[in-house]
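Working notes, structure below.
In what follows, residues are counted from 1 in the order of the sequence shown.
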Amino acid sequence: MLHTSLNTGRLLAVSDIHGHAGGLLQLLDTAEYSPASDRLILVGDYIDDDPPSWETLHLIRKLTEEGALAVPGNMELRLSAHFMDRAPGASGSLELREWLQGLPPYIEADGYLFVHAGFRPDVPLAGQTLQDMTEIREAFWGAQPPVYAGKGIVFGHTPTFKMGAKAGEVWRKPGLTGIDTGAKHSCRLTLLDVHNAVAYSCSTEETRHHYKDFKMENLKGC
(Lines give C-alpha, C1' and ligand atoms only; values in the text may rest on other atoms or scores of the structure.)
Protein backbone atom coordinates (compact mmCIF):
# COMPACT_ATOMS: atom_id res chain seq x y z
CA MET A 1 0.00 0.00 0.00
CA LEU A 2 1.15 3.54 -0.69
CA HIS A 3 -0.19 6.58 1.14
CA THR A 4 -0.15 10.12 -0.22
CA SER A 5 -0.99 13.13 1.92
CA LEU A 6 -3.36 15.97 1.17
CA ASN A 7 -2.06 19.06 -0.65
CA THR A 8 -3.68 22.10 -2.20
CA GLY A 9 -3.97 20.70 -5.73
CA ARG A 10 -6.49 18.43 -7.33
CA LEU A 11 -6.61 14.66 -6.93
CA LEU A 12 -7.00 13.11 -10.42
CA ALA A 13 -7.47 9.45 -11.36
CA VAL A 14 -7.60 7.45 -14.59
CA SER A 15 -7.90 3.75 -15.25
CA ASP A 16 -7.90 1.20 -18.07
CA ILE A 17 -6.06 3.22 -20.69
CA HIS A 18 -5.45 0.10 -22.82
CA GLY A 19 -2.87 1.69 -25.09
CA HIS A 20 -4.64 5.03 -25.56
CA ALA A 21 -1.58 7.06 -24.58
CA GLY A 22 -2.48 9.86 -26.98
CA GLY A 23 -5.95 10.15 -25.51
CA LEU A 24 -4.55 10.30 -21.99
CA LEU A 25 -2.11 13.05 -22.93
CA GLN A 26 -4.90 15.09 -24.49
CA LEU A 27 -7.13 14.63 -21.42
CA LEU A 28 -4.31 15.75 -19.13
CA ASP A 29 -3.85 18.79 -21.34
CA THR A 30 -7.60 19.49 -21.38
CA ALA A 31 -7.70 19.29 -17.57
CA GLU A 32 -4.60 21.52 -17.38
CA TYR A 33 -2.84 18.92 -15.24
CA SER A 34 0.20 20.25 -13.39
CA PRO A 35 2.55 17.74 -11.74
CA ALA A 36 3.75 20.57 -9.50
CA SER A 37 0.35 21.11 -7.88
CA ASP A 38 -1.97 18.23 -8.82
CA ARG A 39 -1.77 14.59 -7.83
CA LEU A 40 -2.42 11.97 -10.49
CA ILE A 41 -3.22 8.36 -9.63
CA LEU A 42 -3.05 5.77 -12.42
CA VAL A 43 -5.22 2.74 -11.69
CA GLY A 44 -3.91 -0.02 -13.96
CA ASP A 45 -4.42 -1.72 -17.32
CA TYR A 46 -2.27 0.69 -19.26
CA ILE A 47 -1.77 -1.83 -22.06
CA ASP A 48 -3.62 -4.42 -24.13
CA ASP A 49 -2.62 -7.79 -25.56
CA ASP A 50 -1.26 -6.26 -28.77
CA PRO A 51 2.47 -5.38 -28.57
CA PRO A 52 2.10 -1.82 -29.98
CA SER A 53 0.07 -0.90 -26.88
CA TRP A 54 2.91 -1.93 -24.59
CA GLU A 55 4.77 1.25 -25.46
CA THR A 56 2.17 3.08 -23.34
CA LEU A 57 4.25 1.99 -20.35
CA HIS A 58 6.85 4.57 -21.42
CA LEU A 59 4.29 7.32 -20.76
CA ILE A 60 3.07 5.82 -17.48
CA ARG A 61 6.58 5.52 -16.14
CA LYS A 62 7.41 9.07 -17.23
CA LEU A 63 4.32 10.35 -15.41
CA THR A 64 5.38 8.54 -12.24
CA GLU A 65 8.86 10.03 -12.53
CA GLU A 66 7.14 13.44 -12.60
CA GLY A 67 5.19 12.65 -9.44
CA ALA A 68 2.17 10.54 -10.42
CA LEU A 69 1.39 7.33 -8.55
CA ALA A 70 0.47 4.05 -10.23
CA VAL A 71 -0.83 0.60 -9.35
CA PRO A 72 -0.66 -2.47 -11.60
CA GLY A 73 -3.59 -3.91 -13.47
CA ASN A 74 -4.08 -7.50 -14.51
CA MET A 75 -2.66 -6.67 -17.94
CA GLU A 76 0.63 -5.44 -16.46
CA LEU A 77 0.95 -8.53 -14.26
CA ARG A 78 0.27 -10.70 -17.27
CA LEU A 79 2.88 -8.89 -19.32
CA SER A 80 5.47 -9.08 -16.56
CA ALA A 81 4.86 -12.78 -16.00
CA HIS A 82 4.52 -14.07 -19.55
CA PHE A 83 5.31 -11.57 -22.30
CA MET A 84 8.18 -9.38 -21.13
CA ASP A 85 10.98 -11.46 -22.64
CA ARG A 86 9.29 -11.45 -26.05
CA ALA A 87 8.28 -7.78 -26.09
CA PRO A 88 10.13 -5.38 -28.37
CA GLY A 89 11.85 -2.21 -27.27
CA ALA A 90 10.86 -0.79 -23.91
CA SER A 91 8.74 -3.78 -22.93
CA GLY A 92 11.75 -6.09 -23.12
CA SER A 93 13.89 -4.25 -20.60
CA LEU A 94 14.73 -5.66 -17.21
CA GLU A 95 14.50 -2.15 -15.77
CA LEU A 96 10.88 -1.79 -16.85
CA ARG A 97 10.01 -5.22 -15.45
CA GLU A 98 11.49 -4.24 -12.09
CA TRP A 99 9.55 -0.97 -12.15
CA LEU A 100 6.29 -2.82 -12.78
CA GLN A 101 6.99 -5.32 -10.02
CA GLY A 102 7.67 -2.46 -7.61
CA LEU A 103 4.27 -0.79 -8.03
CA PRO A 104 2.07 -0.88 -4.90
CA PRO A 105 -1.16 -2.94 -5.09
CA TYR A 106 -3.29 0.01 -3.94
CA ILE A 107 -2.91 3.64 -2.95
CA GLU A 108 -4.55 5.56 -0.11
CA ALA A 109 -5.18 9.28 -0.50
CA ASP A 110 -7.55 11.77 1.12
CA GLY A 111 -9.90 9.16 2.53
CA TYR A 112 -9.98 7.08 -0.67
CA LEU A 113 -8.46 3.77 -1.67
CA PHE A 114 -7.39 3.48 -5.31
CA VAL A 115 -7.13 -0.07 -6.66
CA HIS A 116 -7.36 -1.65 -10.09
CA ALA A 117 -10.20 -4.14 -9.61
CA GLY A 118 -11.35 -4.03 -5.99
CA PHE A 119 -11.12 -5.90 -2.72
CA ARG A 120 -12.46 -9.21 -1.43
CA PRO A 121 -15.41 -8.43 0.88
CA ASP A 122 -15.03 -9.36 4.56
CA VAL A 123 -11.24 -9.70 4.21
CA PRO A 124 -9.05 -7.13 6.03
CA LEU A 125 -6.92 -4.95 3.79
CA ALA A 126 -3.77 -6.64 5.09
CA GLY A 127 -5.15 -10.00 3.94
CA GLN A 128 -6.10 -9.00 0.39
CA THR A 129 -4.36 -10.88 -2.41
CA LEU A 130 -2.83 -9.22 -5.47
CA GLN A 131 -4.98 -11.47 -7.65
CA ASP A 132 -8.19 -10.18 -6.10
CA MET A 133 -7.01 -6.56 -6.21
CA THR A 134 -6.34 -6.88 -9.96
CA GLU A 135 -9.06 -9.33 -11.05
CA ILE A 136 -12.13 -9.29 -8.78
CA ARG A 137 -15.40 -8.11 -10.31
CA GLU A 138 -19.02 -8.38 -9.10
CA ALA A 139 -18.08 -10.08 -5.83
CA PHE A 140 -16.58 -6.69 -4.95
CA TRP A 141 -18.72 -4.00 -6.51
CA GLY A 142 -21.98 -5.86 -5.93
CA ALA A 143 -21.30 -6.43 -2.23
CA GLN A 144 -22.25 -4.53 0.91
CA PRO A 145 -20.81 -2.64 2.67
CA PRO A 146 -18.77 -1.02 -0.07
CA VAL A 147 -16.14 0.77 2.04
CA TYR A 148 -13.24 -0.09 4.33
CA ALA A 149 -12.88 1.88 7.56
CA GLY A 150 -15.03 4.68 6.15
CA LYS A 151 -12.94 5.08 3.01
CA GLY A 152 -14.37 5.41 -0.49
CA ILE A 153 -12.90 3.20 -3.20
CA VAL A 154 -12.01 4.31 -6.73
CA PHE A 155 -11.43 1.41 -9.12
CA GLY A 156 -11.38 0.27 -12.73
CA HIS A 157 -11.15 -3.16 -14.41
CA THR A 158 -14.89 -3.71 -14.92
CA PRO A 159 -16.28 -1.45 -17.68
CA THR A 160 -18.96 0.73 -16.18
CA PHE A 161 -21.54 -0.30 -18.79
CA LYS A 162 -21.30 -3.84 -17.35
CA MET A 163 -22.30 -2.45 -13.94
CA GLY A 164 -25.39 -0.67 -15.21
CA ALA A 165 -24.05 2.76 -16.17
CA LYS A 166 -24.50 4.22 -19.63
CA ALA A 167 -21.65 3.36 -21.98
CA GLY A 168 -18.76 5.77 -21.43
CA GLU A 169 -19.99 7.16 -18.10
CA VAL A 170 -18.57 6.95 -14.58
CA TRP A 171 -20.39 4.46 -12.29
CA ARG A 172 -21.08 5.40 -8.69
CA LYS A 173 -22.83 4.11 -5.62
CA PRO A 174 -22.21 5.06 -1.97
CA GLY A 175 -18.55 4.45 -1.23
CA LEU A 176 -17.63 3.21 -4.72
CA THR A 177 -16.61 4.93 -7.95
CA GLY A 178 -15.93 2.94 -11.11
CA ILE A 179 -13.84 4.81 -13.68
CA ASP A 180 -13.23 2.20 -16.41
CA THR A 181 -15.52 3.88 -18.93
CA GLY A 182 -14.74 1.44 -21.71
CA ALA A 183 -11.73 2.82 -23.59
CA LYS A 184 -10.90 -0.77 -24.59
CA HIS A 185 -14.42 -1.23 -25.94
CA SER A 186 -14.51 1.85 -28.20
CA CYS A 187 -16.44 3.87 -25.62
CA ARG A 188 -14.58 6.57 -23.67
CA LEU A 189 -11.42 7.23 -21.68
CA THR A 190 -12.06 9.24 -18.51
CA LEU A 191 -9.89 11.33 -16.21
CA LEU A 192 -11.69 12.00 -12.92
CA ASP A 193 -11.15 15.01 -10.68
CA VAL A 194 -12.08 13.15 -7.51
CA HIS A 195 -12.88 15.91 -5.01
CA ASN A 196 -14.55 18.25 -7.48
CA ALA A 197 -16.50 15.40 -9.14
CA VAL A 198 -15.54 16.49 -12.64
CA ALA A 199 -15.01 13.93 -15.42
CA TYR A 200 -12.87 14.75 -18.45
CA SER A 201 -13.36 12.21 -21.23
CA CYS A 202 -12.85 11.52 -24.92
CA SER A 203 -14.16 8.98 -27.37
CA THR A 204 -11.99 5.97 -28.25
CA GLU A 205 -14.31 4.86 -31.03
CA GLU A 206 -11.87 5.31 -33.91
CA THR A 207 -8.14 4.55 -33.48
CA ARG A 208 -5.37 5.00 -30.93
CA HIS A 209 -4.10 7.89 -33.00
CA HIS A 210 -7.28 9.94 -33.33
CA TYR A 211 -9.48 11.18 -30.50
CA LYS A 212 -12.59 13.34 -30.60
CA ASP A 213 -15.69 14.33 -28.67
CA PHE A 214 -13.86 15.72 -25.64
CA LYS A 215 -16.18 16.44 -22.72
CA MET A 216 -15.99 17.95 -19.24
CA GLU A 217 -18.90 16.81 -17.08
CA ASN A 218 -19.82 17.90 -13.55
CA LEU A 219 -20.97 14.79 -11.69
CA LYS A 220 -22.26 16.57 -8.61
CA GLY A 221 -25.94 15.91 -8.22
CA CYS A 222 -25.91 13.13 -10.81
### Message
Can you tell me if Glu65 has over 12 outside heavy atoms packed within less than 6.0 Å of its CD?
### Response
yes

#### Entry: Non-neighbouring partners of His20 that pass side chain to side chain donor-acceptor pair (under 3.5 Å), sequence neighbours left out
Tyr211

### Query
Taking atom CD1 of Ile60 and atom NE2 of His58, what is their separation to the nearest 0.5 Å?
12.0 Å

### Message
Nearest 0.5 Å, please: how far is CG in Leu100 from CD1 in Ile47?
### Response
7.5 Å

### Task
Using atom types as modelled and distance alone, determine if a side-chain donor or acceptor of Lys173 lies under 3.5 Å from a backbone N or O of Trp141.
yes

### Message
Run Thr30 and Leu191 through side chain to side chain contact (heavy atoms under 4.5 Å, CB included) and show every step you take.
### Response
CA-CA 10 Å; Thr30 299; Leu191 174 69; over 6 Å; no

### Task
For residues His116 and Pro72, determine if any side-chain heavy atom of one lies less than 4.5 Å from a side-chain heavy atom of the other.
no

### Message
Quick check for you: to the nearest 0.5 Å, what is the distance between Ile17 atom CD1 and Thr56 atom OG1?
### Response
7.5 Å

### Message
Less than 4.5 Å apart, side chain to side chain, heavy atoms only: is that true for Phe155 and Val43?
### Response
no

### Message
According to side-chain contact (heavy atoms from CB on, under 4.5 Å), who are the partners of Ala68, at least two apart in sequence or on a separate chain?
### Response
Tyr33, Leu40, Leu42, Leu63

Below 3.5 Å, can you tabulate the donor-acceptor pairs from side chains in residues 126-140 to any protein atom, sequence neighbours excluded?
{"from": "Gln128", "atom 1": "OE1", "to": "Arg120", "atom 2": "N", "distance (Å)": "2.7"}
{"from": "Gln128", "atom 1": "NE2", "to": "Arg120", "atom 2": "O", "distance (Å)": "3.0"}
{"from": "Gln128", "atom 1": "NE2", "to": "Val123", "atom 2": "O", "distance (Å)": "2.8"}
{"from": "Gln128", "atom 1": "NE2", "to": "Tyr148", "atom 2": "OH", "distance (Å)": "3.3"}
{"from": "Thr129", "atom 1": "OG1", "to": "Asp132", "atom 2": "N", "distance (Å)": "3.1"}
{"from": "Gln131", "atom 1": "NE2", "to": "Glu135", "atom 2": "OE1", "distance (Å)": "3.4"}
{"from": "Asp132", "atom 1": "OD1", "to": "Arg120", "atom 2": "NH2", "distance (Å)": "2.9"}
{"from": "Asp132", "atom 1": "OD2", "to": "Arg120", "atom 2": "NE", "distance (Å)": "3.1"}
{"from": "Thr134", "atom 1": "OG1", "to": "Leu130", "atom 2": "O", "distance (Å)": "2.8"}
{"from": "Thr134", "atom 1": "OG1", "to": "Gln131", "atom 2": "O", "distance (Å)": "3.3"}
{"from": "Arg137", "atom 1": "NH1", "to": "His157", "atom 2": "O", "distance (Å)": "3.1"}
{"from": "Arg137", "atom 1": "NH1", "to": "Thr158", "atom 2": "OG1", "distance (Å)": "3.2"}
{"from": "Arg137", "atom 1": "NH2", "to": "His157", "atom 2": "NE2", "distance (Å)": "3.3"}

#### Entry: Separation between CD of Glu76 and CG of Leu79, rounded to the nearest 0.5 Å
7.5 Å

### Query
Within the side chain of Thr160, is there an N or O that forms a donor-acceptor pair under 3.5 Å with the backbone of Val170?
no

### Query
What residues, two or more places apart in sequence or in another chain, satisfy side chain to side chain donor-acceptor pair (under 3.5 Å) together with Asp16?
His18

### Thr204 side-chain N/O to Ala183 backbone N/O, donor-acceptor pair under 3.5 Å
yes

#### Entry: Shared hydrophobic cluster for Phe161 and Met163 (ILVMFWY, side-chain gaps under 4.5 Å)
no

### Query
Can you name the nearest heavy-atom pair linking Ala70 to Pro104, along with the distance?
O-CD, 3.3 Å

### Message
Could you check whether any side-chain heavy atom of Leu96 comes within less than 4.5 Å of a side-chain heavy atom of Trp54, counting everything from C-beta outward?
### Response
no

### Message
Tell me whether the count of non-hydrogen atoms from other residues, nucleotides or ligands lying under 6.0 Å of CD in Gln101 goes above 12.
### Response
yes

### Task
Please lay out, stage by stage, how Leu11 and Phe114 fare under the test side chain to side chain contact (heavy atoms under 4.5 Å, CB included).
CA-CA 11 Å; Leu11 180 61; Phe114 296 81; 3.7 Å; yes

### Task
Please list all pairs passing the salt bridge (Lys or Arg N to Asp or Glu O under 4.0 Å) test where one or both residues lie in residues 178-194, with sequence neighbours left out.
Asp48-Lys184, Arg188-Asp213

#### Entry: Contacts of type side chain to side chain donor-acceptor pair (under 3.5 Å), residue Lys162, not counting sequence neighbours
none

### Task
Report the distance from atom OG1 of Thr64 to atom CH2 of Trp99, rounding to the nearest 0.5 Å.
5.0 Å

#### Entry: Point-to-point distance, once rounded to the nearest 0.5 Å, from CG of Leu12 to CG of Asp38
5.0 Å

### Message
If you compare all heavy atoms of Thr190 against all heavy atoms of Ala199, which two are closest, and at what distance to 0.1 Å?
### Response
CG2-CB, 3.9 Å

### Task
Keeping the roles fixed (side chain from Arg39, backbone from Ala109), state whether a donor-acceptor pair exists under 3.5 Å.
no

### Query
Can you find a heavy atom in the side chain of Trp171 that is under 4.5 Å from one in the side chain of Thr181?
no

#### Entry: Test item: Asp110 and Val194 side chains (from C-beta on) under 4.5 Å apart, heavy atoms
no

#### Entry: Residue that, paired with Tyr106, satisfies side chain to side chain contact (heavy atoms under 4.5 Å, CB included) out of Val154, Val115, Ile153
Val115

